[in-house]
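Notes to accompany the following structure.
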There are 2 protein chains.
Amino acid sequence: MAIQESKVKTAVDGRKGERADHIYRVAAEIMCQKGYEATSMKDIADAVGLTKAGIYHYIVGKEDLLFQIMSFAMDMVDENVVTPARKIADPEQRLRVIIEGHARRILEVGGAVTVILEEMAALTPAHRKAIRARKRRYFDLVRETIGELQTQGKLRDVDPTVAAFNLFGMINWISRWYRPDGKLTPDQIMRDFLQIALNAVLRNA
Amino acid sequence: MAIQESKVKTAVDGRKGERADHIYRVAAEIMCQKGYEATSMKDIADAVGLTKAGIYHYIVGKEDLLFQIMSFAMDMVDENVVTPARKIADPEQRLRVIIEGHARRILEVGGAVTVILEEMAALTPAHRKAIRARKRRYFDLVRETIGELQTQGKLRDVDPTVAAFNLFGMINWISRWYRPDGKLTPDQIMRDFLQIALNAVLRNA
DNA sequence: GTCTATAAACGGATAGAC
DNA sequence: GTCTATCCGTTTATAGAC
C-alpha cells in the first residue's frame, strides 16, 4: 500500500516515492543528532548508501530537504494531535489530549519532530514563514483552549499566553533529556508529566 | 561584570583584556541569533570592526571562543544563582531563588546564557565534558532541592528527576519566546512564571 | 538511477608586512 | 595590533558518462 500510495503522490505532488521518503527519514535523524549546519550532504549520502551526487536525483537541495522534513513533522502533528483535539468540546479534556499527543510524538518519533524545534533559522524566509504560520495555528489552538479554561475559572490567575509558552517549554524540552535507552520509559514519563503539566496551569487538576 | 573585572583577570588568568571581552560578547550575540555553525569568523570580525585575521590576536580559534563564552555563562549562573541558593536552608525558598535567578539571567542577559543551551554539540569532547560537568552540578542542586521537598511532603507524587527536567524546560524555553521589545515585561513574566513553575511541582504553593 | 569528476564558493586559520 | 594576501580543506551543487 505504501508503494502504491507513493506512486500516486509522485503524480500528484511531485514526490519521488519511497526512496525519497527514506532519504528524508535518514536525513532527519542525522540532522537531529548533529544539527542542520553541521550535517553535510555526504553524511546523508553515506547513510543511505548513495554518493553525494546520487541523492540529488531525489531532492532539490539541502535547504529544501530540511523544509520537506519540517513539513512532514507538521503533517504528523496536525494529523495526530491538532485534528483529534479539535473534535473535543471540553477544554480540559482537549488540553489533556494535546499534551499527551504532543509529548508522545517527541518520545516515540524523535527525528523530524525535534528538527522542527531547533532549525528554523536555517530555512529561507519564504519557507520559514510557511512553517511559522503552521506552528502559529497550533499555538493559537492551545492558547485558546487555555482561554476557555480561564472563562470556566479553572485557570490559575496567570496570563494564558505565558501559560501556553510554559506548557510548550515543558513538552518540547523532553527532546533534550529523554533517551530511549535510559531508565525512564515513555509510559512512566507520561504519568508524571501529565500531572506536572496540568497542575502547572490548572487550579485543581 | 566581566567588563569591570577584566583588568584584574588579564593579570591573573591570561585573558587579553576588555577588547577580548567585547569580542566574546558580540560573538555570543551573533551565535545566539544565527547559531554557532552558521556564524563565520567574518561575521564576528565585521561586527567588532576588525578583519577576520585581526581577531585572531585575541582568540585561540572558533571553537575555543565558544568555550570561553559558555564558561563565562556558567560563571554568571554560579555566581548569581547557585552560590546564593546554596546559602538558603529552606528548600522551598531555595527553589524560588533558583527559578527566579535563572529565569532573570535569560530575560536580562540573553546571548551567552542562550548559547550554552543550544550549542553543546559544537564543542570538542574535552570542552564538552567540562561544561557538562558544570551543568550537572547545577542540575544536581535542583534535583536535591526537589528531593528535600519530597521528604517534607511538599512535592507532588512524581519523580524528582522528571520534575527537575520540567522546571528547566519551562525556564530555558523562555529564551525561545521572550522578546525585549514585546508586550510582556520581565517583571510581568516573572510574576506568572513563578506561580506556574512552583505549582507545577509543589502540592500547595 | 547512479556514478566520477569538477566547478565555484566559502570556511577557519596563518604568514608576514607595517 | 591590525592589515593584506593566501593556504588549504570542505561545502553545495552540477555536468556528463554509463
Side-chain angles (χ1 to χ4, degrees), chain A residues 3 6-7 9-11 14-28 30-31 33-70 115 119 121-128, chain B residues 6-7 10-11 14-28 30-31 33-70 115 119 121-128:
Chain A
I3 304 165
S6 66
K7 277 178 187 167
K9 282 192 177 175
T10 302
R15 285 198 192 170
K16 296 249 181 169
E18 56 182 42
R19 182 115 205 211
D21 283 350
H22 181 230
I23 291 171
Y24 296 154
R25 233 172 307 114
V26 169
I30 300 174
M31 287 178 182
Q33 285 168 28
K34 307 180 48 165
Y36 171 83
E37 299 285 352
T39 300
S40 74
M41 289 292 124
K42 188 172 184 308
D43 291 335
I44 298 166
D46 289 349
V48 297
L50 285 176
T51 58
K52 209 171 33 154
I55 65 174
Y56 275 87
H57 182 70
Y58 298 98
I59 67 166
V60 173
K62 191 185 179 186
E63 187 276 339
D64 188 77
L65 173 59
L66 177 63
F67 178 64
Q68 298 303 330
I69 289 168
M70 290 190 176
V115 166
E119 307 291 356
L123 294 172
T124 61
H127 282 164
R128 183 161 50 244
Chain B
S6 65
K7 280 178 187 168
T10 302
R15 285 196 190 171
K16 296 247 181 167
E18 55 183 43
R19 182 117 206 208
D21 281 350
H22 181 230
I23 292 172
Y24 297 153
R25 232 173 309 113
V26 169
I30 300 175
M31 288 178 182
Q33 285 168 27
K34 309 181 46 164
Y36 172 82
E37 299 286 352
T39 300
S40 73
M41 287 292 133
K42 188 172 183 309
D43 292 334
I44 298 166
D46 288 350
V48 298
L50 286 176
T51 58
K52 202 168 45 150
I55 64 175
Y56 275 87
H57 181 71
Y58 297 99
I59 67 167
V60 174
K62 191 185 179 188
E63 188 275 339
D64 188 76
L65 174 60
L66 177 63
F67 179 64
Q68 299 302 331
I69 290 167
M70 290 191 176
V115 165
E119 306 292 357
L123 294 171
T124 60
H127 282 164
R128 183 160 51 245

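What you are looking at is a predicted structure, and each value in this text was computed from that prediction instead of being measured. Throughout, a chain's letter reflects where its sequence line sits, starting with A, and its residues are numbered from 1. Quick note: numbers below take in every heavy atom, side chains included, and nothing from hydrogens, waters or symmetry partners.
Separation of atoms OG1 (A:T39) and CD (A:Q33) is listed at 8.5 Å; rounding is to 0.5 Å. Here the straight-line distance linking atom CD1 of A:I69 with atom CZ of A:R25 works out to 11.0 Å at 0.5 Å rounding.
Computed from coordinates, the A:H57 NE2 to D:dA15 C1' distance equals 16 Å when rounded to whole Å. Remark: P of C:dG12 and CG of B:L65 are 11 Å apart, rounded to the nearest angstrom. If you measure from atom CD1 of A:I23 to atom P of C:dG1, you get 12 Å, rounded to the nearest angstrom.
Counting only residues at least two apart or in different chains, salt bridge (Lys or Arg N to Asp or Glu O under 4.0 Å) contacts with residues 53-64 of chain A are absent.
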Would you be so kind as to tabulate the donor-acceptor pairs closer than 3.5 Å made by side chains of residues 45-56 of chain A, with sequence neighbours excluded?
from	atom 1	to	atom 2	distance (Å)
A:D46	OD2	A:K42	NZ	2.9
A:T51	OG1	A:G54	N	3.2

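Residues from residues 36-56 of chain B that place a heavy atom under 4.0 Å from any atom of DNA chain D, listed by number: B:L50, B:T51, B:A53.
Overall, the helix from C:dG1-D:dC18 to C:dC18-D:dG1 carries an axis bend of 0° between its ends, with five pairs at each end and the value rounded to 10°.
Considering only the side chain of A:R19, C:dT2 comes nearest among C:dG12, D:dA13, C:dT2.
Residues A:Y58 and A:Y24 approach most closely at O-OH, 4.3 Å, considering heavy atoms.
A:R128 meets the side-chain contact (heavy atoms from CB on, under 4.5 Å) test with A:M120, A:L123, A:P125, A:R132; sequence neighbours excluded. Every residue two or more places apart in sequence or in another chain that forms a ring-ring contact (aromatic ring centres under 6.0 Å, His included) with B:H127 is listed here: B:F67. The side-chain contact (heavy atoms from CB on, under 4.5 Å) search around A:E119 returns A:Y36, A:L66, A:M70, A:V115, not counting sequence neighbours.
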